[in-house]
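Everything below concerns the one structure shown next.
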Amino acid sequence: MEIDLTKSANTAEHVFDVTEANFMEKVVEASKEVPVIVDFWAPWCGPCKTLGPALEEAVNKARGAVKMAKVNIDENQMIAGQLRIQSIPTVYAFWNGQPVDGFQGAVPPSEIQSFIDRVVEAAGGDASGGLDEAVAAAEEMLAEGAAVDAAQTFAAILQEDPQNAAAYGGLARAHIAMDDLDQAEAILNGAPIEISKKPELEAAHAQLDLARKATNAGPVDELKARVEADPDNHQARLDLAQALHAKGEVQEAVDQLLELFRRDREWNDGAAKQLLFTIFDALPPQDPIALNGRRRLSSMIFV
C-alpha cells in the first residue's frame, strides 16, 4: 500500500498576513472552503510573540486542514474595531463565513492543539493532516505481517511529524516483528522526551521486554510436554507462556499465566502477575484479551 504524505506540504500556503483590503477575501470567503484561524497581534505585544509561533506550528501540522491569517491591529484598526477586539492576543476561528470559536491571551500548546482540533473537526476535516490515516494503514500492514512496509511508512510519518507517538511506537514494534530487538530499543531510547511516556511508547517498551524474555523460552511443544508431565513445574509454565506470546498466541499465554498465578501467586516474587501486567500493557487499552485478563486476575486477587 502506498501512502501519500505530501498533502499540502507548502506551509507558506497555510499561514499568511491579511489587511483590511483583503480580509473579506482571505478570511470570510476563504472560510467557506476551509476553516481560517485569525490571530490578532501587534509588534509591542509580548504574549503575541509566544502564541503566534505556537499557533503557526499547530496550523502547519494540520497540513491544509486549517489556515491561519495574521492581523496586525496597529495597521488594521478598522477590523479590530468591527470585531470588538478588546485585548491581544485574541484568536478567532472562522468557518462558513462566520466566527465559530476563539480565545484571548496566551495559552499552553496543549490548549492550542485542542482548539485547532475542535475547529477542524467542526468542519469535518482531519487535524492530523492525513497522518492518522497513514498510521492506521501502517498498523494494518504490521497486522498482516508486512513489517518492512509498515516500518517504512512509520518512518515517513516521523519525517513529517517527529513527535508522533503512534508512529514511534509502531516503528519500534515493526522492528520487534522483524526480530531486530536492538534497533527497536534504539528507536524507543531515541524518542523525544516530550512523548517518551506516551501510552504508545510504553506499550512498545512492554512488547520489547516480552520479546527479549521469549528468546530464552524454548520450543512450545517441548514446554507443553513438560507442563503436562508436571503441572506444578512453574518455571516450565512461565517459559511456555513466554514462548506462546512470542508465537502470537496471546490468549493462550495469558491463560497459562493465570493458571500459574492460581497455583502459586507468590512464586518467584510474583512472576506470573508481573508478566501478565507486561502483556496487558503491550496490548491496546480496550483489547478484549487485556480487559478479560485483568478481570480474571482481579477476581483471583480479591477472593
Side-chain angles (χ1 to χ4, degrees), residues 135-151 154 166 169-185 187-188 199-265 267-301:
V135 167
E139 289 288 359
E140 185 177 343
M141 295 175 197
L142 188 54
E144 293 174 351
V148 174
D149 291 340
F154 284 128
L171 182 59
R173 287 185 289 106
H175 281 278
I176 293 171
M178 290 186 277
D179 203 27
D180 190 354
L181 304 188
D182 289 342
Q183 181 61 25
E185 184 172 12
I187 290 166
L188 292 172
E200 296 91 340
L201 275 80
E202 295 286 359
H205 274 292
Q207 203 167 107
L208 177 62
D209 185 30
L210 289 166
R212 290 207 182 280
K213 284 182 168 67
T215 56
N216 300 318
V220 168
D221 291 341
E222 178 183 318
L223 290 167
K224 281 183 177 179
R226 290 171 60 190
V227 170
E228 289 171 2
D230 181 6
D232 284 326
N233 187 334
H234 300 331
Q235 186 62 57
R237 194 179 294 276
L238 183 73
D239 291 345
L240 174 59
Q242 293 171 345
L244 286 167
H245 188 276
K247 288 184 63 179
E249 298 177 22
V250 182
Q251 182 62 67
E252 292 79 358
V254 169
D255 291 342
Q256 292 293 339
L257 290 169
L258 287 170
E259 176 62 17
L260 173 53
F261 183 82
R262 185 189 70 79
R263 287 175 176 271
D264 189 346
R265 65 180 62 191
W267 177 78
N268 197 13
D269 294 326
K273 184 170 71 172
Q274 292 177 27
L275 190 54
L276 278 166
F277 283 142
T278 302
I279 290 177
F280 298 153
D281 289 344
L283 293 168
Q286 299 304 313
D287 188 282
I289 295 176
L291 293 174
N292 185 50
R294 288 184 188 277
R295 282 195 296 268
R296 291 168 64 190
L297 179 62
S298 295
S299 68
M300 292 182 185
I301 293 174

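Start at 1 with the first residue, then count along the sequence.
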[X] to [Y] - nearest heavy-atom pair and separation:
X	Y	answer
A214	A246	CB-CB, 3.5 Å
A272	L257	CB-O, 3.7 Å
F280	L297	CE1-CD2, 4.4 Å
L188	A204	CD2-CB, 3.7 Å
A151	M178	CB-CE, 4.0 Å
L223	A236	CD2-O, 4.1 Å

Do D209 and K213 sit within salt-bridge range, that is, some charged N less than 4.0 Å from a carboxylate O?
yes

Quick test of your reading of the model: are D281 and R294 salt-bridged, counting only N-O distances below 4.0 Å?
yes

Using modelled atom types and a 3.5 Å cut-off, is there a donor and acceptor pairing between side-chain atoms of Q274 and backbone atoms of D269?
yes

Can you tell me if R237 uses its side chain to pair, donor with acceptor, with the backbone of V227 under 3.5 Å?
no

Just so I know, are the side chains of [X] and [Y] near enough to count as touching, which here means a heavy-atom distance under 4.5 Å?
X	Y	result
R296	D255	yes
I187	Q183	yes
Q286	L291	yes
I301	K273	yes
D239	Q235	yes

So how far is it from [X] [atom1] to [Y] [atom2], rounded to the nearest 0.5 Å?
X	Y	atom1	atom2	value
L208	L201	CG	CG	11.5 Å
R265	M300	CZ	CE	8.5 Å
L238	Q256	CG	CD	10.5 Å
E252	L244	CD	CG	6.5 Å
I289	Q251	CD1	CD	5.0 Å
E139	E144	CD	CD	11.5 Å

Steps toward side-chain contact (heavy atoms from CB on, under 4.5 Å) verdict (N268, H234):
CA-CA 9 Å; N268 197 13; H234 300 331; over 6 Å; no

